[in-house]
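Working notes for the structure below.
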Amino acid sequence: MEELQMFRARWMSELTPGLSSGLANSGSRKARGTVGKITDTKVKLELAKEEKARELFLKAAEEEQNGALYEAIKFYRQAMQLVPDIEFKINYNMSPDGDGVGKKFIEDANDDSKMADLLSYFQQQLTFQESTLKLCQPDYDFSQTHISALPMEVLMYIFRWVVSSDLDLRSLEQLSLVCKGFYICARDPEIWRRACLKIWGRSCVKLVPYTTWRQMFLERPRVRFDGVYISKTTYIRQGEQSLDGFYRAWHQVEYYRYIRFFSDGYIMMLTTPEEPQAIVPRLRTKNARADAVLFGHYRLSQETDNQTKVFAVITSKKEEKQTEYQRYRYFRRSPVQETDHSFHLGLQICSSGRHKFNKIVWIHHSCHITYKSTGETAVTAFDIDKMYTPLFFARVKSYTAVSERPL
């Protein structure tokens, strides 16, 4: 069309030389006007197509959230056929229409700043009614009393029961996912301060260099209470020579060492060839169902080299005294000198990978034998070599605190 208009203007200028300049100018103006109309039409078509694709894409996203995956795929395909890169052109700050389509994707322009401090953001979102803080609202009307009707003091006491004296902070974090009000309660500084005091005692009176008690609990090195530290040791041992003397057997020895910490300074240790699948469930509580479990106490120590270490004293299980009938049933035995055995451990807390405090390394291990008759103590120190491999943390599946006392 444009070429035709230019040809007509040139032809008229050749027929009437005097009017050539005027006709040429008018022809060029007409051509430019025609080109502008064509461009405007194309832009409008592109905008309409993009708007249609945007509506289809948001509708598909809503269907996907509702679980209608087949319908969502259909709308996604239609949207991308109109505009292949529609997902990068959608502005999530506004909804395409007022009927609620895409409401779940409406985002605030200041989300990044609000996500940096969710606690302050949620506190601003809560409503105040008759000077009483409403932590949450029931979704449905029912005759029973809703938990939001409880006073704040009662709610905080319930949260302390969730944590319990076993310091089950994982359950507290899961409880904070219920609603904004529970999130605020789970961030109460008093709960986290009590947890820090229970772990570190007087050494955590000051927050410096941390800003909150929760940050101290999450970042300061400590042992974990929701699982077991496990190490696996394998070595080759030379066996006895055969009767005919032609060969000597070699045995591969494999065993596990388990260490379980509790928040009250209690520790359990077990060395056994049994697999973790069979042993870890038995070590959930202090009443372990294993005969060879050793019990003791531990303490955390912050050294001058900024390394947190664990020092523990573990005693062997006391043997039951034999009766006179058992002692003299077959023959009179010579009296055995009574002794007390205790094991002294030194461990260093480390982190491995993305998980914090999931590894402890041996520093020293010694056995102290005390003779009751004389009071003398014999100490045997073990060499920390390849036989003492690091212990890695394994969380007890579906662990929940079993304590009957609040934090």
Side-chain angles (χ1 to χ4, degrees), residues 117-208 210-220 222-227 260-267 284-287 297-300 356-357 395-407:
D117 190 1
L118 275 179
L119 182 59
S120 300
Y121 175 57
F122 286 161
Q123 287 175 343
Q124 294 175 2
Q125 296 296 315
L126 289 179
T127 59
F128 288 84
Q129 183 178 5
E130 297 179 358
S131 302
T132 303
L133 184 64
K134 299 291 292 184
L135 290 177
C136 53
Q137 298 289 343
D139 291 336
Y140 307 99
D141 295 332
F142 52 90
S143 59
Q144 298 177 352
T145 303
H146 192 256
I147 192 171
S148 61
L150 297 177
M152 177 66 76
E153 294 78 7
V154 178
L155 277 175
M156 296 310 304
Y157 193 71
I158 294 174
F159 274 66
R160 286 172 53 192
W161 269 101
V162 172
V163 178
S164 77
S165 58
D166 288 340
L167 295 186
D168 188 7
L169 276 304
R170 182 182 179 86
S171 296
L172 181 67
E173 291 293 304
Q174 293 175 342
L175 186 60
S176 67
L177 303 177
V178 174
C179 62
K180 297 176 182 178
F182 280 19
Y183 184 93
I184 294 175
C185 290
R187 295 300 187 273
D188 181 62
E190 182 62 20
I191 293 179
W192 296 95
R193 186 186 72 85
R194 288 171 178 262
C196 293
L197 288 175
K198 191 172 181 63
I199 294 177
W200 294 287
R202 298 179 180 179
S203 61
C204 70
V205 177
K206 296 182 180 180
L207 273 175
V208 180
Y210 307 101
T211 57
T212 62
W213 293 105
R214 183 174 181 271
Q215 183 186 10
M216 175 187 287
F217 183 86
L218 295 177
E219 296 183 4
R220 185 171 178 176
R222 55 179 172 80
V223 292
R224 298 183 58 175
F225 309 123
D226 56 340
R260 174 83 160 91
F261 295 96
F262 295 90
S263 59
D264 57 354
Y266 209 67
I267 184 176
R284 293 189 59 178
T285 63
K286 299 175 185 178
N287 301 322
H297 293 84
Y298 73 93
R299 64 177 178 88
L300 297 178
K356 290 186 176 182
F357 325 131
R395 193 175 70 85
V396 177
K397 187 177 181 181
S398 64
Y399 169 80
T400 53
V402 295
S403 174
E404 297 181 354
R405 293 180 298 167
L407 176 63

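Heavy atoms only: backbone and side chains are in, while hydrogens, waters and symmetry mates are out. All values derive from a computational prediction rather than experimental measurement.
- Side-chain contact between Arg193 and Glu190 is present, with heavy atoms from C-beta onward closer than 4.5 Å.
- Note: Leu167 CG to Asp264 CG = 9.5 Å, rounded to the nearest 0.5 Å.
- With a 4.5 Å cut-off on side-chain heavy atoms, Lys356 and Glu219 count as touching.
- Rounded to the nearest 0.5 Å, atoms CD1 (Ile158) and CD1 (Ile147) are 5.0 Å apart.
- For the atom pair CG (Asp226) and CG (Leu169), the distance works out to 9.5 Å, reported to the nearest 0.5 Å.
- In plain terms, the two heavy atoms of Lys198 and Ser165 that are nearest each other are CE-O, 2.9 Å.
- At a threshold of 4.5 Å between non-hydrogen side-chain atoms, the residues Asp168 and Val162 do not count as touching.
- Residue Asp188 holds its CG atom at 10.0 Å from CZ of Arg160, rounded to the nearest 0.5 Å.
- Formation of a donor-acceptor pair under 3.5 Å by the Arg222 side chain with backbone atoms of Phe217 is found in this model.
- Counting heavy atoms from C-beta on, the side chains of Ile191 and Met156 come closer than 4.5 Å.
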**Item:** CA sep, side-chain torsions, deciding dist, call: Arg170, Glu173, salt bridge (Lys or Arg N to Asp or Glu O under 4.0 Å)
**Value:** CA-CA 5 Å; Arg170 182 182 179 86; Glu173 291 293 304; over 6 Å; no
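- In terms of heavy-atom proximity, Trp192 sits nearest to Arg187 at NE1-CA, 4.0 Å.
- Here the side chains of Ile199 and Phe225 are in contact, with some heavy-atom distance below 4.5 Å.
- For Phe159 and Phe182, the gap between ring centers is short of 6.0 Å.
- No donor-acceptor distance shorter than 3.5 angstrom exists from the side chain of Tyr266 to the backbone of Arg260, with no hydrogens or angles considered.
- Smallest separation of non-hydrogen atoms from Tyr298 and Ile267: CD2-CB, 4.0 Å.
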